Structures are given as structure tokens and as C-alpha cells.
There are 2 protein chains.
Amino acid sequence: MQQGHMNAQLLAYEKIRDQILNGTLAGGTKLVEERLAEEIGVSRTPIREAIRRLEQEGLIQKKRVFKPSRTDLIHLFEMRILIECFAVKKAAKYMTEEELIQLKETIVRARNSKEAEVVAANKEFHDMLVKQSRNPLMIANLDKMKAVIYLFSKAVVFNKRPMLIDEHEDIYHAIAARDGERASQLMEQHLQSDLQFTLDLHVLD
Amino acid sequence: MQQGHMNAQLLAYEKIRDQILNGTLAGGTKLVEERLAEEIGVSRTPIREAIRRLEQEGLIQKKRVFKPSRTDLIHLFEMRILIECFAVKKAAKYMTEEELIQLKETIVRARNSKEAEVVAANKEFHDMLVKQSRNPLMIANLDKMKAVIYLFSKAVVFNKRPMLIDEHEDIYHAIAARDGERASQLMEQHLQSDLQFTLDLHVLD
DNA sequence: ATAAAATATTTTGTATACATTTTTTATTTA
DNA sequence: TAAATAAAAAATGTATACAAAATATTTTAT
């Protein structure tokens, strides 16, 4: 959490967002402007703007902390698959040798580290690929979605799904071989597995 | 323009949005809260909320009416193609006979009407298909994008591209034949042609 | 006359008061 | 007791005043 020129709005936005993501504000909680204003120490005005923003990002819906259902997650992943498969095809076409080395590097790092570092490396793998879409719209879209996806899976200790890194490696090889179609197929399977894994951990709904 | 329970916010939102879409507020124009407040006859507070919303929809950027560049339009269409091709595959799988009749109906209407009615029928064709994605996220996304796409092509008299209806018909036949792959390919070509047509009409940039 | 500094003006950000609506609680009635 | 209604409280919507920041304008020095 960095603090640029901290105006009240940004402060409110970041504080509320953090509380939602780390679970302090649980899914379904009603957000009361005055309560938040008092807690954060600003007036209602910037709180409102922050809430509007979070509403647009999907983290708040109808004044309540969004609690994604299984169906919501499935929809999110449908969209995610569309974008990441597109990106991966572009990657196969346009990624430079240097970029490929960097990509490979995230896999090596994921194998040789543990805990948070693994998660960070895997995240970087996906981020690098999404960037290859060269489409700011898609990048921004996916960014928003990730917050909601995280919201759903935050209970899931940490992405420790078996085979995850192997799948990344397969995707990498397909890209390096400039086989966009195959990379896309592999990415789809990879994300479907991720979705299934997440759904399985939330038996109730 | 219908008026539900007209609160100041909605009023402001709709008025500003309309002015952007119909060109009264030209691309690049700086939006001054006080000016708008006076004109619309509400205070600055609801104006601000309306602006935030329009910012999120992409119609306003950094306090100015968004003026999409050719590149922006290309990005928009990349995203649009992704979603509509996805939708069309689902349509081929799941559309009922009744729905297919309705779809066909939009084509007949487009052939036998003129002016605004043709445009409406063509729009309905796409809307019906997008709905087949059965994914609220995609539907909402496309809806936002359409406003911006319209913003770009509003100077373009009205969608009178030759072959447009024939292409719709081809897509319809592919769907009716339950050939999702082909429907998707046809939809992609169709939208690429639309993009090209729109770009060609804006020689300057 | 030009560039820099100082000043004035406009515009946005924030707090606050009050109006309106929504939600909750209490009360009445069947 | 349960449903319906009325009263109270709470929360949101809106207007407005003032503060801070960003822009535009004038002044000054070179």
C-alpha cells in the first residue's frame, strides 16, 4: 500500500478496499457511510466517492460487500478465459526472446521458492501474458476481476494446487514454440482447473 | 429516455450522457461541475456522481468528454469480438427453436423496413445473441462498450454498410445448423468488416 | 518583448446541515 | 399471536459553504 498524494478519497478507497479483501468487512456486510466516515476520519463525501468506485469494480453491490456465488465465479472465469486465451495467442506471435526468458524465469522462481514468493511468481506469469494482449481495455478488465476472484478464494489458504507450475511450463513451451493455438488450449484447461479447484474448496454455497 | 423515479443523480446522468452521445458535448470538452449544475438545475453533488459513473463507463476521461482514437476503437472491437464470438457459440448450442424464429425475424424486419427501423432490427440481432452468452458480466461489459462505439461512429450517417444483413443471415444459418465454430468465424469477419467500415469513414485522426 | 514571479480567478475537494427516503421498532387491530 | 399500521430512528440524497488546488492573468525584472 503506497500513499501518493493522499487525499481523503483515495484514503477512504484504499482503506475500505483493504478491509474487504482481507475479510475485516465480510461478504454481505452493509456499508454505512457515516460509520465508515467516523472510522476513517473523513466526512461522508469522500466515503461516497470511494463506495461508488468500489461498486464499479464489483467489490460492492447495492451498498453491501459483494459475496460472489459459485455462479458469479463461473461467469468471472468465463470472461477471464476469453481474455487470457486471446492474450496467449498474441504472446505466441509477438513475444521477444528476452520476454520469453523473463517468462521462463517466473516458472523457475515458482519452483525454487516457497510461500508468498511462489504466489507472486505465478501471478507474474499471468500478468506478463495478459500484458501481451496489448489491449488496455482487457488489462484493466482483468485487473478488476482479479480483485473479485481473490475475494472468493481468499479463504483458500494459498494457491497450492498440484500441477499448477507444470501447467505454466507447458504453456510456456507452447508459446516459445510459437504455437498460439496450443498455448490457448492449454491456458483454457489451466484456468478451468483453477476454477474447479476453487469451487471444490467451497463446498457450501 | 424514460424517467423512473427521477432523482437528481439520474437526471444529471441521463442529461450529460445524452449530450455526449448526441454531440452537444463534443469530444475533448472539459466538463465543469458548476456549469453543468446550473444548466441541469441541480447542485454539484449529483453532478459529481453522474460524472463518476460516466467515467467508469468510459464516456468521460479525466474530466473531459472521451474522444476515442482509432486505436481505442480497435481495442474496443477486439474485446467485442471476443464476447460476441463466445456468445454465438453458446447460441448454436442452446438457442431454442422459438428463439431462432425470433432471430430470423430481426433479419426479415431489417430487409423490409428502412431508416431507423433497420438500425433497430440489426441492433436487436446482436443483442439477442449477446444474451445467449448467459453471462451477465459480458452483457454488462458489451453494453458499456456500445456507448463508446456509438460515440465514435455517430458521425457515420447510419449503419448502411452493404452486405450487413446478408452477413447476419449467414450467421443465423450457421446457428440454426448448430455449427458454433462456423457461426463464430462468420461473426468475427462480420465485426471486422464493421470495424473497417467505421475506420474508413474517419479519414482523419 | 520574454520569461519568471506574483496575484487573481476558477475549479475541484471536503465538511456539514438539512430533506427525503428507507428501515426498524412499537403499537394497534383482527 | 400474527398481520397491518403508525411512529421513530437511521441512512441516504442533496444543497451549500468554505478550503485547497489548479489555471489563467497580470506584474515585474531582464
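In what follows, chains are A, B, ... by sequence order, proteins preceding strands, each numbered from 1. This one's a predicted model, so the numbers in the text were calculated from it and none came from an experiment.
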Practice item. Under the side chain to side chain donor-acceptor pair (under 3.5 Å) rule, collect the residues that match up with B:Asp143, sequence neighbours excluded. Key: none

Review point. Which nucleotides of nucleotides 12-17 of chain D have their base under 4.0 Å from a protein heavy atom (B), which only their sugar-phosphate (S), and which neither (-), written as one string 5' to 3'?
Key: BBBBBB

Within this structure, what is the [atom1]-to-[atom2] distance between [X] and [N], rounded to whole angstrom?
X       : N      : atom1 : atom2 : value
B:Arg64 : D:dT23 : CZ    : C1'   : 12 Å
A:Lys62 : C:dT22 : NZ    : C1'   : 14 Å
A:Leu11 : C:dT14 : CG    : C1'   : 13 Å

Less than 3.5 Å apart, which donor and acceptor atoms pair up between the side chains of residues 26-37 of chain A and the rest of the protein, not counting sequence neighbours?
| unit_1 | atom_1 | unit_2 | atom_2 | d |
| --- | --- | --- | --- | --- |
| A:Thr29 | OG1 | A:Ala26 | N | 3.4 |
| A:Thr29 | OG1 | A:Ala26 | O | 2.5 |
| A:Glu33 | OE1 | A:Arg44 | NE | 2.9 |
| A:Glu33 | OE1 | A:Arg44 | NH2 | 3.0 |
| A:Glu33 | OE1 | A:Arg48 | NE | 3.3 |
| A:Glu33 | OE2 | A:Arg48 | NE | 3.3 |
| A:Arg35 | NH2 | A:Glu39 | OE1 | 3.4 |

Check your understanding: With sequence neighbours left out, what residues match B:Glu99 under salt bridge (Lys or Arg N to Asp or Glu O under 4.0 Å)?
Key -> none

Check your understanding: Who passes side chain to side chain contact (heavy atoms under 4.5 Å, CB included) against B:Ala120, sequence neighbours left out?
Key -> none

Show the atom names and distances, to 0.1 Å, of all donor-acceptor pairs under 3.5 Å that link a side chain in residues 132-141 of chain A to residues at least two apart or in another chain.
| unit_1 | atom_1 | unit_2 | atom_2 | d |
| --- | --- | --- | --- | --- |
| A:Gln132 | OE1 | A:Arg134 | NH1 | 3.0 |
| A:Ser133 | OG | A:Val130 | O | 2.8 |
| A:Ser133 | OG | A:Asn135 | N | 3.2 |
| A:Arg134 | NH1 | A:Gln132 | O | 3.2 |
| A:Asn135 | OD1 | A:Leu137 | N | 3.0 |
| A:Asn135 | OD1 | A:Met138 | N | 3.3 |
| A:Asn135 | ND2 | B:His75 | O | 3.1 |
| A:Asn135 | ND2 | B:Glu78 | OE1 | 2.8 |
| A:Asn141 | OD1 | B:Asn141 | ND2 | 3.3 |
| A:Asn141 | ND2 | B:Asn141 | OD1 | 3.3 |

